[in-house]
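Structure record follows, encoded as structure tokens.
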Amino acid sequence: MKRRTGQDREITKHWKPATLAVRGGTARSEWGETSEALFLTSGYAYDCAGDAAARFAGEQAGMTYSRLQNPTVEMLEQRIALLEGAEACRATASGMAAMTAALLCQLSTGGHMVGGRAAFGSCRWLTDTLMPRFGIETTVVDARDPQQFVDAIRPNTKVFFFETPANPTMDVVDLQAVCDIARDRGITTVVDNAFATPALQRPMAFGADVVAYSATKMMDGQGRVLAGAICGSEEFITNTLLPFHRNTGPTLSAFNAWVVLKGLETLDLRIRRQSENAVKVAHFLEGRVPTVNYPGLPSHPQHNLAMRQMDAAGPIFSIELDGGRKQAHGLLDALGLIDISNNIGDSRSLMTHPASTTHSGVAEDQREIMGVREGMLRINIGLEDPADLMDDLDQALRAVGL
């Protein structure tokens, strides 16, 4: 591969996803390194004052400041855009930085947003708390029902914001139906695709305008760094997002970008093996616990929809126990192999109690409406042998009377 082959869209458009995940976006320096170079620099020097002025005026290509551009971060942005099938991408310091920027860059006082009620706790905080502070009206709907989006539309509705599958209830949104509703009315759709990643689901193929990620999750996938990403059209990224990003500074570090680049090389392998493991563990738990919420099981009410939209159901699901928080915490405390942790997307299996961790900032009555009950546990299935995971879950279930 030549120095700039990985950034030539005329070439990379012919590559398959597995090739893009390893080589897409790569730009080699004059040293010809095989692995992506790590550029640890805050600023850049110019040959003359005129070059500096020309770059700031947008008349000359090149870097100006690492809050705006960095060669390592740019390689990550190009790779994610290629995997997503997007024209452009901007990386951010975390997943929540991505969600916040994707919304605030296009919403202002007097606007209205419709959000899915089943969502990560911090995303619900954006919808329920932050947006209203800026005079942005919000309506929360059951995103499983496209008609609720239609019914929530107002003359000032600017954005639909939802995630699928949703955290931690595993609700699935009909991407084509909701994106069609939005597009027909000039509304922008912002989809949080962190659970699936572009390896399993590409919302833009169903008409989504903007796709946002916590790249901390499956993209890094090994519990090492925080990162986020926002994908969209060149026009959206350059004219709508970039001014917000430039002036507010949710910048991803070059080191973290480099780590995520390395994670993307194995994303397809990891997420598919973890999905296979998750199906086995979910089948083991089905019938052993009152409820298993996993789109990969035929018992999930939206299984067929999920399988139409996704190549596999992913490594994350939730279960529900009848004994409330006490029984849920008891099961966590009895685990010997699986870690108690509120992260997801890791290569290690992790389990958490959402009502007291990831969604503890959501009011109790709203958690109940969302379906995040006291007996719910969310599990991220890792790369361990599923037999060992089932043994650990078996003894933990027996410890709480199940």
Side-chain angles (χ1 to χ4, degrees), residues 95 118-122 124-125 165-171 194-195 214 216-218 220-224 226 274-275 277-294 296-297 299-300 313-368 370-402:
F120 178 50
S122 293
R124 278 299 301 264
W125 185 85
N167 182 1
T169 60
M170 306 308 295
D171 291 356
F195 267 35
S214 172
T216 308
K217 309 303 189 289
M218 289 302 305
D220 168 35
Q222 289 151 86
R224 300 171 295 191
L226 299 180
Q274 288 176 247
S275 295
N277 290 351
V279 170
K280 293 175 183 177
V281 176
H283 275 297
F284 164 76
L285 289 169
E286 196 168 34
R288 185 74 178 271
V289 299
T291 304
V292 178
N293 302 309
Y294 185 49
L297 293 177
S299 58
H300 190 280
I316 304 153
F317 62 89
S318 58
I319 63 175
E320 297 182 49
L321 310 180
D322 291 336
R325 180 177 297 204
K326 181 178 180 181
Q327 189 177 41
H329 278 198
L331 188 150
L332 290 175
D333 291 344
L335 294 170
L337 173 64
I338 299 168
D339 289 314
I340 303 172
S341 176
N342 50 279
N343 196 20
I344 54 172
D346 201 301
S347 58
R348 302 161 187 81
S349 292
L350 313 172
M351 207 164 183
T352 194
H353 180 248
S356 59
T357 58
T358 59
H359 289 67
S360 59
V362 179
E364 185 176 356
D365 62 332
Q366 289 301 309
R367 287 203 305 268
E368 186 68 25
M370 292 168 66
V372 182
R373 302 179 183 88
E374 289 293 325
M376 176 177 280
L377 291 165
R378 188 193 67 199
I379 184 167
N380 170 90
I381 299 298
L383 290 170
E384 305 95 341
D385 191 300
D388 291 329
L389 299 176
M390 289 184 279
D391 285 346
D392 192 32
L393 287 165
D394 176 65
Q395 62 83 26
L397 288 164
R398 285 188 280 108
V400 294
L402 294 171

Next item on the list: Would you sort out whether Ser318 and Asn293 count as a side chain to side chain donor-acceptor pair (under 3.5 Å), showing the intermediate values?
Entry: CA-CA 5 Å; Ser318 58; Asn293 302 309; 3.1 Å; yes
Notebook entry, point to check: Do Phe317 and Asn380 come close enough that some side-chain heavy atom pair is under 4.5 Å?
Noted result: no
Check: If we only count heavy atoms from C-beta on, is the Val362 to Val372 side-chain gap below 4.5 Å?
Finding: no
Pairing of [X] and [Y] as salt bridge, 4.0 angstrom limit:
| X | Y | value |
| --- | --- | --- |
| Lys217 | Asp346 | no |
| Arg348 | Glu384 | no |
| Glu374 | Lys326 | no |

May I ask you to decide if [Y]'s main-chain N or O and [X]'s side chain share a donor-acceptor pair within less than 3.5 Å?
| X | Y | result |
| --- | --- | --- |
| Gln395 | Ala334 | yes |
| Asp392 | Gly336 | yes |
| Arg124 | Ala118 | no |
| Gln327 | Gly375 | no |
| Tyr294 | Gly314 | yes |
| His300 | Met170 | yes |
| Asp339 | Met351 | no |
| Asp322 | Pro290 | no |
| Ser349 | Ile381 | no |
| Asn342 | Thr358 | no |

Please round to the nearest 0.5 Å and tell me the distance separating atom [atom1] of [X] and atom [atom2] of [Y].
| X | Y | atom1 | atom2 | value |
| --- | --- | --- | --- | --- |
| Thr352 | Ile338 | OG1 | CD1 | 12.5 Å |
| Leu389 | Phe284 | CG | CZ | 10.0 Å |
| Phe120 | Phe195 | CZ | CZ | 9.0 Å |
| Thr216 | Gln222 | OG1 | CD | 13.0 Å |

Heavy-atom pair of closest approach, residues [X] and [Y]:
| X | Y | result |
| --- | --- | --- |
| His359 | Ala119 | NE2-O, 2.7 Å |
| Met218 | Gln274 | CE-OE1, 3.6 Å |
| Leu332 | Ile340 | O-CD1, 3.4 Å |
| Ala194 | Ser214 | CB-N, 3.9 Å |
| Pro386 | Lys280 | CG-CD, 3.9 Å |
| Arg288 | Leu402 | NH2-O, 3.2 Å |

Check: In terms of ring plane angle, is the pair His353 and His329 parallel, tilted or perpendicular, where the classes change at 30° and 60°?
Finding: perpendicular
Margin query: Using the side-chain contact (heavy atoms from CB on, under 4.5 Å) definition, which of the options Asp333, Leu337, Leu331 pairs with Leu335?
Written below: Leu331
Next item on the list: Carefully, step by step, assess Leu321 and Val289 under the rule side chain to side chain contact (heavy atoms under 4.5 Å, CB included).
Entry: CA-CA 6 Å; Leu321 310 180; Val289 299; 3.9 Å; yes
Next item on the list: Check the pair Ser341, Asn343 against side chain to side chain donor-acceptor pair (under 3.5 Å), reporting the backbone distance first and the verdict last.
Entry: CA-CA 6 Å; Ser341 176; Asn343 196 20; 5.7 Å; no
Next item on the list: Go through Ile319 and Met376 one step at a time and tell me if the side chain to side chain contact (heavy atoms under 4.5 Å, CB included) criterion holds.
Entry: CA-CA 6 Å; Ile319 63 175; Met376 176 177 280; over 6 Å; no
Margin query: What verdict does the side chain to side chain contact (heavy atoms under 4.5 Å, CB included) test give for Leu397 and Leu285, after you've listed the backbone C-alpha separation in whole Å, the side-chain angles of each residue and the deciding distance to 0.1 Å?
Written below: CA-CA 10 Å; Leu397 288 164; Leu285 289 169; 3.8 Å; yes
Note to self: With side chain to side chain donor-acceptor pair (under 3.5 Å) as the criterion, how do Arg378 and Asn167 come out once you've worked through the C-alpha distance, each side chain's angles and the decisive distance to 0.1 Å?
What the structure shows: CA-CA 9 Å; Arg378 188 193 67 199; Asn167 182 1; 3.1 Å; yes
